[in-house]
2 protein chains.
Amino acid sequence: MKRSNPNDTVDEPQSVMDKKKMEKIFSNIDLENPPAICPIRDVLAKALDKWSILIIVMLGYYDVLRFGDLKKKIKGISPKMLSISLKHLEQDGFLIRTVFPEVPLRVEYHLTDQGRSFCNKILDLSEWINEYFPEIVKRRYKVDEIMKGEA
Amino acid sequence: MKRSNPNDTVDEPQSVMDKKKMEKIFSNIDLENPPAICPIRDVLAKALDKWSILIIVMLGYYDVLRFGDLKKKIKGISPKMLSISLKHLEQDGFLIRTVFPEVPLRVEYHLTDQGRSFCNKILDLSEWINEYFPEIVKRRYKVDEIMKGEA
DNA sequence: CCGTATCCCGGAAGATACTG
DNA sequence: CAGTATCTTCCGGGATACGG
């Protein structure tokens with residue numbers, strides 16, 4: 001039952017770990033020596049940020065949005081956080097900021113190809129969650145029950 | 001050039017936004033009324049957490065690890081954060097904790113099917129990042145140059 | 001060995017007022 | 001309208017020591 005060796009032949013039909021992919025990823029990493037600051041995790045951290053996800057999905061859905069539109073559509077975000085998040089996403093090439101020097105000022109945001117591609121990844125994740133979510137909720141209730149019983 | 005209407009026929013060959021998927025996701029959300037606390041984002045937040053990702057990937061790679069193993073392999077994690085993250089992941093059904101009441105105590109962790117499935121999602125994300133990362137880095141340097149020039 | 005309990009600090013992020 | 005500047009608050013999370 002114990003499967004401690006990554007080289008074991010996998011026999012489960014479902015949810016098979018993709019060992020090939022895994023090996024490829026791990027081959028790029030020196031596990032012993034600290035990877036200093038991993039730039040990949042840096043990119044991911046910014047793009048998977050709570051607000052960033054919403055921004056990307058909104059832009060994926062509406063194609064073009066102004067600062068004020070985003071502020072209205074994303075409930076609870078402050079102008080500061082919206083500004084910071086947009087800057088990060090622009091810096092990392094997920095979206096493009098276009099200024100129209102009119103009066104009053106107009107600024108539009110839209111996704112790049114990279115941004116749209118990433119948006120699809122988020123949608124995939126979203127679908128994954130939707131699939132497993134009922135079980136997770138059920139489990140949480142169960143765990144809560146146990147906690148209550150112990151308290 | 002402006003594509004403000006989600007119903008426009010898509011003509012880009014690459015990185016096409018999956019509108020069908022998008023509509024499906026958005027149909028479950030009431031954008032106007034605040035979604036209170038979105039439980040899906042709650043699950044995602046915990047599972048996509050900095051430490052959680054590493055834990056899941058490590059368990060995906062090594063199959064079975066003890067508390068101390070994880071602590072050693074995940075550079076920089078404190079016992080507190082490791083404990084908390086493991087608890088979250090166990091609560092949400094990503095992994096299973098097994099206690100062997102020996103002396104000294106032994107505790108093993110391994111992924112559930114859900115955990116392995118999610119690990120594959122993380123690997124996908126990882127691959128995505130690897131694909132786009134060179135461009136992102138290039139862009140960051142460029143942005144830094146501009147910033148320096150302006151300062 | 002496997003964690004929990006405690007203390008403590010820096011930085012994330014909300015609210016708000018203000019400017020180009 | 002589209003943000004920035006400032007202030008403050010809060011808590012995530014690191015270090016460490018201890019308990020089962």
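Computed over heavy atoms, backbone and side chain alike; hydrogens, waters and symmetry mates excluded. Throughout, protein chains are lettered first and strands after them, A, B, ... in sequence-line order, and every chain is numbered starting at 1.
Every residue was checked against the side-chain contact (heavy atoms from CB on, under 4.5 Å) condition with B/Val103, not counting sequence neighbours, and none meets it. Looking at residues two or more places apart in sequence or on another chain, you find no ring-ring contact (aromatic ring centres under 6.0 Å, His included) involving A/Tyr109. Listed by chain and number, the residues in a side chain to side chain donor-acceptor pair (under 3.5 Å) with A/Lys24 amount to none (sequence neighbours excluded). In terms of the side chain to side chain donor-acceptor pair (under 3.5 Å) criterion, B/Trp51 has no residue partners (sequence neighbours excluded). Here A/Lys46 pairs with A/Asp42 under the salt bridge (Lys or Arg N to Asp or Glu O under 4.0 Å) rule; sequence neighbours left out. B/Lys87 pairs by the side chain to side chain donor-acceptor pair (under 3.5 Å) definition with nothing, not counting sequence neighbours. In this structure, B/Asp69 has no side chain to side chain donor-acceptor pair (under 3.5 Å) partners at least two apart in sequence or on a different chain.
Between the NE2 atom of A/His88 and the C1' atom of C/dA13 there is a distance of 13 Å, given to the nearest Å. One can place CD1 of A/Ile74 at 16 Å from C1' of C/dG14, the figure rounded to the nearest angstrom. Here the P atom of nucleotide D/dC1 and the CD atom of A/Glu108 are 14 Å apart, to the nearest Å. Atom CG in B/Leu65 sits about 15 Å away from atom C1' in C/dC2, given to the nearest Å. Atoms CG (B/Leu70) and C1' (C/dC2) sit 12 Å apart, rounded to a whole Å. Taking atom CZ of residue B/Phe67 and atom P of nucleotide D/dG20, one finds them 17 Å apart after rounding to whole Å. Taking atom CD1 of residue A/Ile84 and atom C1' of nucleotide C/dG14, one finds them 11 Å apart after rounding to whole Å. Here the P atom of nucleotide C/dG3 and the CZ atom of B/Arg106 are 13 Å apart, to the nearest Å.
Remark: B/Lys21 does not engage B/Glu23 in a salt bridge, criterion side-chain N to carboxylate O under 4.0 Å.
Panel note: side chain A/Ser52, backbone A/Leu48; no donor-acceptor pair is recorded below 3.5 Å.
Phosphate contact (OP1/OP2 of D/dG3, side-chain N/O of A/Arg97, threshold under 4.0 Å): present. Within the structure, every side-chain polar atom (N or O) of B/Lys87 is placed at least 4.0 Å from both OP1 and OP2 of C/dG3. Distances shown here put a side-chain N or O of A/Ser83 below 4.0 Å from the OP1 or OP2 atom of D/dT4.
For A/Val107, the listed nucleotide lying nearest its side chain is D/dG3; candidates were D/dG3, C/dC2, D/dC1. Taking every side-chain heavy atom of A/Arg66 into account, D/dA2 is the closest of D/dG3, D/dA2, C/dC1.
Among the heavy atoms of the strands lying under 4.0 Å from B/Tyr109 are primed sugar atoms or P, OP1, OP2 only; no base atom is included.
The rotation axes computed at either terminus of the helix from C/dC1-D/dG20 to C/dG20-D/dC1 lie 50° apart, taking five pairs at each end and rounding to 10 degrees.
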Extract from the structure each pairing of a protein N or O with an N or O of nucleotides 12-15 of chain D at less than 3.5 Å, listing the distance.
| unit_1 | atom_1 | unit_2 | atom_2 | d |
| --- | --- | --- | --- | --- |
| D/dG13 | N7 | B/Lys80 | NZ | 2.9 |
| D/dG14 | O6 | B/Lys80 | NZ | 2.5 |

